[in-house]
Amino acid sequence: MSITGGRAPKDASRREQQRRKQGELPDRLQAAGGMVPEAAAKVATATGSSEAAAFGVASFYSLLARPDKKVRVCTGLSCRMKGADEVLEAALAAGLDAEGCSCLAACDTPPAVLKDRVTLPEVTALDMAATKGDWTALASSSHRVQATATGITWTGDVGPADAAPDSLSINLLGEANYEGAGLAKAAELGAGTDDADAFFQELENSGLQGRGGAGFPAHIKWRAVAGQPVQERFVVLNADEGEPGTFKDRELMMRRPDLVIEGLAIAARAVGADTIYLYLRGEFQVPRVCLEDAIAAFEAAGLLTGLDFHIHEGQGSYICGEETALLEALEGKRGMPRLKPPFPVEVGLWGKPTLIHNVETIACVPGILARGGAAFRAQGRDEAGAKLYCVSGHVARPGTYELPLGVTLDELVEAAGGYVGELKAFCPGGASAGFLPASERTRPLDYKSLGEVGSMLGSAGVVVLNDTVDMRWACLEQLRFFEDESCGQCAPCRIGTRYLREAVDRDVAGTCQSNGDRALTHVDDVAWQMGEGSICGLGQIAALPLTSARKYFPGDFQD
Amino acid sequence: MIITKPTCTIDGQKFEFTAGESMLEVARRNDIAIPTLCHDPRLDPAGACRSCLVEIEGQRRLLPSCATKATDGASFQTKSERVEKHRKTLFSLYLTDHADEDSEGGQHRGAPNKLAGASKKFGAENWGKLTNLRDEIAGDRSADVNPYIQYDSDLCILCAKCTRYCDEVEAVSAITLVGRGSETAIATPDSRSLLDTTCELCGGCVAVCPTGAMGEKKPKTRNQPIESELKKVRTTCNYCGVGCQFDFNVDPDGRDGLGEVVKVTSPDATPNQNMDLPAGFSGVSSDGNLCVKGRFGYDFVHHEERLTTPLVRGADGDLHPATWDEAFDAAIAGLEKVSAKYGDDSLAFVSSARCTIEENFLVQKVSRVAFGTNNVHQCAAT
Ligand SMILES: Cc1cc2nc3c(=O)[nH]c(=O)nc-3n(C[C@H](O)[C@H](O)[C@H](O)COP(=O)(O)O)c2cc1C
Ligand code: SF4
Ligand code: SF4
Ligand code: SF4
Ligand code: FES
Ligand code: FES
């Protein structure tokens, strides 16, 4: 593990140097063993921050707050449908100090288990029993896992196997390429010079939308950062991938790290940044190695002169995928989203203009430049590009499938080997997208069409549920996730997520609220308040699993 | 050239403002009420409590007026149906997550609870009760042996005013938000007593807390009346020369009807129209900030050993009550005797740190003019 703080420019004030040193807090807390007595005092001295601030940070992140838990079993929907409960029970029965945790971005290989900080796929109850209480002995018996010199590696299933390379924006099965054709083309189009219009135009022509969730046109952010009067700028990679049902970024970083690093280099040159932060969730130890190798390969080819890459490990917090919470985490603080506006393009990391993108968005860039924006646009249907869809749950071959943006659920599941059982419902874009009923199976899975039915494509984490699933149970899982992962700074989300989960618990138990009202009497008002009053996207959509499940499957609830 | 001030429209009415003012500031200056819980003019806006959201024309989302700058031509609503529904449902959630007003914690600390008032005003309902694990997160606060401050997590609405005040104003950072989500609370590092942290016991966190969750221990242990039943008497702190303003809170029934100082609260620097001051001035240099002595050290006021009259040592070697004139005469006689016998420079004058600058000026006059010596010092000067 290396300590990555922020490096201030040489001429920066002492105060600024000090402020940036705080970026080391999470790493140093990890090195000090997490939230153990006196750890906060120790790291506070080393970073010049207050002890209280260090303590507050340690308590925020689940990997730091409970350092004794070396075994964590994913209790996300996809994993629980595949027996995660029994695996957790087996772990406790074997005498392991284990706990449940939020989605590990391995929903295609359930049940996923975190061993210290390494995610293991397809862990069974037998694997747990075999540890005999020694967490270091835990190993997955999955055929995917291979030993390497530095640990293990594994990948999920990807497809479609027979796709024509020209139809793909990423091509997960393609050969890694360190020649830098995209970088060369970017330079040719004037990226990073005063005359960069041709470059931005190409990006605009491609129609590339952010793949992290919101689908915001990429070129607008690039232009905005490049046009800022402030000269110190940053590029940040959002590889926090925490949305339940989503694992495409993991697969992409493991199979095509070349595209990620080249994309980042292009972005940095184009917006005039020389420092790039890669924010990986802490559970991504295996992808991290792949990225480091790719950086080394490009460096060896002499293509990264003047660029500084920092890898920052997350410490266990879904909300840090939200871009401003991520920036706070990079600055070594509790991951609480900032108020927007101002947006990061203007006031980002350490107050400087910052371009922040999802892994997949960034990885699309080299191809857009090498093959042209128009070719990229043509790879999608109504919206531009091919898209990595994650599909898990009740399908024959869960995995990551690169298909034209705008395929239907039926088309996607066909690529994944077909449905298992009778389709009842699906989440089109992770927990945040709520549930849609089987009747929406022919709706294009793109940003606009899904937005029209009050859902969203989000991170394209598609979870398929068949008719064996009780929607109240499924919704409870999602509510629990948001309750666990809310940052807690604003009341609508902090109180609302707990209220909704406890209300549904009461519905299950058949009990009333303490004031005599029926279990679900007030949930619509709570949901309304969360949508209107919350600071960030988490709280704004956290009621959706409940409101959508009640809308489409009222029979699964008592109240 | 005519310079026109920028204007914005609030609830259909146009108002001038100064660049840099927040929407909340413009509204309040014009007597348009907007509820706030996490706002304090001394702190950077956090926008966290969501009480002050307004509906701004052209914005999809409701935005916090405390953190949104007024812009020329902007128009916003503070009373629209959407804003009203927002307030009602938001305060309902707060109420649902909060200890009942008449429960033990609510009454006995005697601090005003802004949440209770706002909930009533906006028709908030209690929607049931929630599991509250904040105590587990914050650690056992009853174990904190500090004499003044107690945190009651079941009253806390996590507005973070206390932690932000401690950091941004006191620059102490003794307390922090801990945990996350619905299991967030306020705590000290490793949940230690405030006495074992950097805390200076300034009590600022108590003063800014809107609910009384960060409260004083004394009113609680002494079972004092609630703050609204106390009489406020503005005075100047006499512990040092800074001259902080504060209000003695007097229980009129205390000491058998003589009245008793039971608490000190600190007014902020809101411009004061009731005093004879230039416009925009408050007469309060301390802006609500006090130190531990001013805030908590008021027990001496009614202390039985407190001196209430000058004392002069008699020939018998004991101290005897005297009038001021007698006391001054005795002091002057003593000083003159020494200077007559040993010379002017045999005297030295040291004034107390509790003296104001005016008093210090007078001390050096006494020293230089009356006794002709430059041997004068003030104990806080080194
Ligand atoms: C609660 C929440 C969680 C998010 N998690 C992620 C994430 O894990 N990865 C990601 O790329 N974007 C995530 N986002 C979206 C980011 O805020 C941001 O929009 C994105 O990183 C921008 O990159 P893009 O333009 O490439 O999509 C999240 C947003 C919210 C509100
Ligand atoms: S909505 Fe939830 S996650 Fe977002 S800022 Fe508010 S409390 Fe934090
Ligand atoms: S008393 Fe003052 S120093 Fe102590 S925690 Fe409160 S605000 Fe901070
Ligand atoms: S103790 Fe008071 S000031 Fe501090 S967060 Fe709680 S309610 Fe706010
Ligand atoms: S890894 Fe278990 S649900 Fe995602
Ligand atoms: S006062 Fe504006 S959000 Fe709290």
Verify, without hydrogens or angle tests, whether [X] (side chain) and [Y] (backbone) share a donor-acceptor contact under 3.5 angstrom.
X	Y	result
A/R498	B/N132	no
A/R334	B/L177	yes
A/Q529	B/H86	yes
B/R180	A/Q489	no

Output the option from [options] having the highest count of non-hydrogen pairs under 4.5 Å with chain A.
options	result
B/L90, B/D97, B/V172, B/I137	B/L90
B/G179, B/A46, B/S51, B/G47	B/G179
B/A48, B/G128, B/S182	B/S182

Heavy-atom proximity to chain B below 4.5 Å, by part of A/I535 =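 For A/I535, heavy atoms of backbone and side chain both lie under 4.5 Å from chain B.
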Of the backbone (N, CA, C, O) and the side chain (C-beta and beyond), which part of [X] lies under 4.5 Å from a heavy atom of chain A, both, or neither?
X	result
B/K85	both
B/I175	backbone
B/T184	side chain
B/A174	backbone
B/I186	neither
B/R192	side chain
B/S173	both

Item checked: Over all atoms of both residues, closest heavy-atom pair of A/Y499 and B/W127 ->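 Heavy atoms only, the tightest pair is OH-O, 2.7 Å.
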For this session: Side-chain contact test, heavy atoms from C-beta onward, threshold under 4.5 Å: evaluate it for A/V526 versus B/T89 and give yes or no.
Result: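 Side-chain contact under 4.5 Å: no.
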*Are side-chain heavy atoms of B/D190 and A/M35 found at a separation under 4.5 Å?*
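SC-SC contact between B/D190 and A/M35 ruled out.
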Kindly compute the distance separating CG (B/N126) from OG (A/S514), expressed to the nearest 0.5 Å.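 Answer for the CG-OG pair, B/N126 versus A/S514, is 6.5 Å.
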Drop me the distance from B/T96's OG1 to A/H522's NE2, to the nearest 0.5 angstrom.
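Answer for the OG1-NE2 pair, B/T96 versus A/H522, is 7.5 Å.
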Heavy-atom count check: over 12 atoms from other residues, nucleotides or ligands less than 6.0 Å from A/K340 NZ?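 Result for NZ/A/K340: enclosed.
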* Does atom CD of B/E168 have more than 12 heavy-atom neighbours from other groups under 6.0 Å away? ->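 Count over threshold, so yes.
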For the residue pair A/E502 and B/T131, confirm or rule out a side-chain donor-acceptor distance under 3.5 Å.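 Present: a donor and an acceptor within the cut-off.
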Q. Of all the residues in residues 66-84 of chain B, which have a heavy atom that comes within less than 4.5 Å of a heavy atom in chain A?
A.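 When heavy atoms of chain A are the reference, residues 66-84 of chain B contributes B/A67, B/R82 within the under-4.5 Å range.
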